[in-house]
Each structure stands twice: as structure tokens, then as C-alpha cells.
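This report refers to the structure that appears directly beneath it.
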Protein chains: 2
Amino acid sequence: MNATARKTAAQSLASPPGEGELYGITELAQEFAISLRAIRFYEDKGLLAPRRINGGRAYTRRDRVRLGLILRGKAVGMSLAEIEHILSLYGDHGEGHAKQLDYLVGRIDAAMAELDTRRRNIEAMLGELGEVRGQLQRTLAAKRRARKK
Amino acid sequence: MNATARKTAAQSLASPPGEGELYGITELAQEFAISLRAIRFYEDKGLLAPRRINGGRAYTRRDRVRLGLILRGKAVGMSLAEIEHILSLYGDHGEGHAKQLDYLVGRIDAAMAELDTRRRNIEAMLGELGEVRGQLQRTLAAKRRARKK
DNA sequence: CAGGTTGTTGACGTTAACGTAAGCACTCGG
DNA sequence: CCGAGTGCTTACGTTAACGTCAACAACCTG
């Protein structure tokens, strides 16, 4: 599959039946500055499930968003397994029963609690680094004063 | 080295000459709920440098603090290499020249900026999860209304 | 002094998250 | 029709961060 194939596929339908733009793998790789291998790897792990067109992978906007979430999750320090859990919360669970929706809300709360813990840790580190910084600046100021300007 | 050895070592000196309490490796392992192997591993990587007493490792309060920082760094999603950088900022750089202190402040600023980015990412995820949660709760409320209570 | 606890040093195994390379298929421009 | 470009699969290599296991030493206790 190549760029032209995708282009014609998208252009041949003035009003596509439900899935707007499609993206190729290299396209996404460049946009997010990661390797093709990484994207395929995420697919292997079940984090992405692009459709196949002519043997090649075709990603929808939704896939693109998911990839963004994956990378943000990584940036936040989550494992792919954790990210998978988070992603599962983004599905089309419009058909679930009340029980299941409650369960989902619970999962989301748990995920949010974990993220909050992480944030607190970061804030603690920021605080401590700020203290070290302040201390350094004080000794620096003292040194400069000692030099009589 | 064992618990008693440490105990006697600490008790034999009413006013120890500069290094208060000492901790054994299992002690720290239990306190932080990690394995002995992990602690030794951090030492291998240069993140910890306990003194040796009778062949066994003896950790000071300072070592204990460093271990805490290591674990918090991990919880925040940092690699051991990154953590090592952060830890190097906590040293006794009271004897550095102004140039070096300036450099250190720069390093700290960089580290803080990175942490801040991470925090922002977390907040973004929290926001999105909150939205999903809200959406779910709305459909849940609708379902309950549909049941006429 | 036998046994248990606590510690030590290797050495090898494992999991996660990819990187790298080989070899083959399709498709397009010339 | 052919080479360049793009993509696919399969398989092996790599790095980080430990876990696990073996074999041994020091020490306290009964």
C-alpha cells in the first residue's frame, strides 16, 4: 500500500460511509516521530487494530487518537499493559448495561487515582528540586556578595 | 552483618561522631517494600554507595533518602539513568565555584522543566478520563431515568 | 557445636519494548 | 518491463531492570 492508493481510496468517495480520512503507517510514524516497528509492535500488543487495504495497514482518525494516547501514556511513565487498560476505557461502550457502566466508571476512577498519585510524586520532586535550587542560589548570591559586586 | 551487630554499633556510641542511625539492607528492603536484589542493583549502577561493616552493607539516613528518591523517580516514570542525574544534584556541592553552581542551577531547571511536561501530560489524561467518565455517567443517568426510577 | 538468620558474590534467566536485518510482494513512473 | 519506493512478515538481537538460584561466610542461639 502506498500514498497514492490511500489518496484515491479517500478521494473516490465524496462522502465516505463513516470513516473519514485514512492514514498510512509511515504517515503516522512521521507525525508522531516514532518508528514503523514501534507502531506495528503496538498492534501486536493489541493497542491498535488498523484495517487492511490491499495488504497494507489503514489507520482511521480514531486509531490516530489512540496512538496519541499511547505515546502520552508512555511519556507519563505507564507500561503498555497499563496503557491498554486505559485505552479499553475509550471504546464504544454505549451498549453496555448499567452494571457494566458502573464497573467502567469504577475502572476510570481507579485509573484517575493512580494518575493522581503519579502527579503528587512529581509535585513532590518538583518541590524538592526547587528547594535545592533555592539553596544553590543563596550560596551563589553569598559568593557574589563576598566578591563585593 | 546482622541486626544485632548494627544495634551494638549504634548503641556503643552514645553520641556517634557524625553518622546517626545505620540501616541494614533487609531493613531498607522491608521499609520500601522492594527486594534486596534491587537495592544491590542500584548500588551496582552507582545510585547508592553504602559503607561496609564486617562485609555487610551499612546505610546511613542519607542513603535512605536517596533510595526514597530513586523509588519516587521510578514511580514517576524515570529511568535509572535519569534518576542518577537527578541524584547528582543533591550532593555536597558547597565547594563549587560560581560557574559550576550556575551550571547546576541550569541542570535543575532542565529537570524541573521535564517533570513539568510530565505533569502536564498527566493532567491532560486526567482531563480526558474525566470527560469519558462524565459521558458514561450521563448515559447511566439516562438509563435510570428511562426505567422511571 | 548444630542450626537458623542475615549477609555476600557470581551467574544465569526473564520481561518489556523495541531495533535491525532478511527476503518477498505490490505498485507506480519512465 | 524494470527499478525505486513502500509495505509485509519472520526472526533474531538488545537494553533496562530486576528475579532466581547456588554456594559460601559470619554470627547468634539453644
Proximal nucleotide (of [options]) relative to the [X] side chain:
X	options	value
A/Tyr42	C/dT8, C/dT6, C/dC18	C/dC18
B/Phe41	C/dC18, D/dA17, C/dT8	D/dA17
B/Arg57	D/dG7, C/dT9, C/dG7	C/dT9

[X] side chain N/O closer than 4.0 Å to the phosphate oxygens (OP1, OP2) of [N]?
X	N	result
A/Arg40	C/dT20	no
A/Thr26	D/dG7	yes
B/Arg52	D/dA26	no
B/Asn54	D/dC27	yes

task: Check DNA chain C against residues 71-86 of chain B and give the residues with a non-hydrogen atom under 4.0 Å, in numerical order.
output: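 None, since no heavy atom is under 4.0 Å.
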Calculate the interatomic distance between [X] atom [atom1] and [N] atom [atom2]; express it in whole Å.
X	N	atom1	atom2	result
B/Leu67	D/dC18	CG	C1'	14 Å
B/Glu43	D/dC18	CD	P	15 Å
A/Leu36	D/dT6	CG	P	11 Å
A/Asp44	C/dG19	CG	P	13 Å
B/Arg51	C/dG7	CZ	P	16 Å
A/Ile25	C/dC18	CD1	P	14 Å
A/Lys45	C/dT15	NZ	C1'	9 Å
B/Ile39	C/dG7	CD1	C1'	13 Å

message: Tell me if the OH atom of B/Tyr90 is crowded by more than 12 foreign heavy atoms within 6.0 Å.
response: yes
field: Passing candidate, side chain to side chain contact (heavy atoms under 4.5 Å, CB included) with B/Leu28, options B/Leu48, B/Ile39, B/Ile34
entry: B/Ile39
message: Any carboxylate oxygen within less than 4.0 angstrom of a Lys/Arg side-chain nitrogen, looking at B/Arg64 and B/Glu21?
response: no
Trace of the side chain to side chain contact (heavy atoms under 4.5 Å, CB included) decision for B/Arg118 with A/Arg118: CA-CA 10 Å; B/Arg118 256 170 236 248; A/Arg118 254 170 238 251; over 6 Å; no
query: Checking salt bridge (charged side-chain N to carboxylate O under 4.0 Å, His left out) against A/Glu43, which of A/Arg37, A/Arg66, A/Arg52 comes through?
result: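 Exactly one option meets the salt bridge (charged side-chain N to carboxylate O under 4.0 Å, His left out) with A/Glu43, and it is A/Arg52.
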Heteroatom pairs (N/O) under 3.5 angstrom, protein to nucleotides 10-12 of chain D:
none

message: Quick one, A/Leu80 with A/Lys74, criterion side chain to side chain contact (heavy atoms under 4.5 Å, CB included). Give me CA distance, side-chain angles, the key distance, then yes/no.
response: CA-CA 7 Å; A/Leu80 292 189; A/Lys74 291 208 57 184; 4.3 Å; yes
With A/Arg119 via salt bridge (Lys or Arg N to Asp or Glu O under 4.0 Å) - residues at least two apart: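 Once residues adjacent in sequence are excluded, the partners of A/Arg119 under the salt bridge (Lys or Arg N to Asp or Glu O under 4.0 Å) criterion are A/Asp116, B/Glu123.
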message: Looking at B/Arg107 and B/Ser88, would you say the former's side chain and the latter's main chain have a donor-acceptor pair under 3.5 Å?
response: no
- request: Indicate yes or no: at least one non-hydrogen side-chain atom of B/Arg51 is less than 4.5 angstrom from one of B/Asp63.
  value: no
field: B/Glu82 CD to B/Leu115 CG distance, which is reported to the nearest 0.5 Å
entry: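 Here the interatomic distance stands at 9.0 Å.
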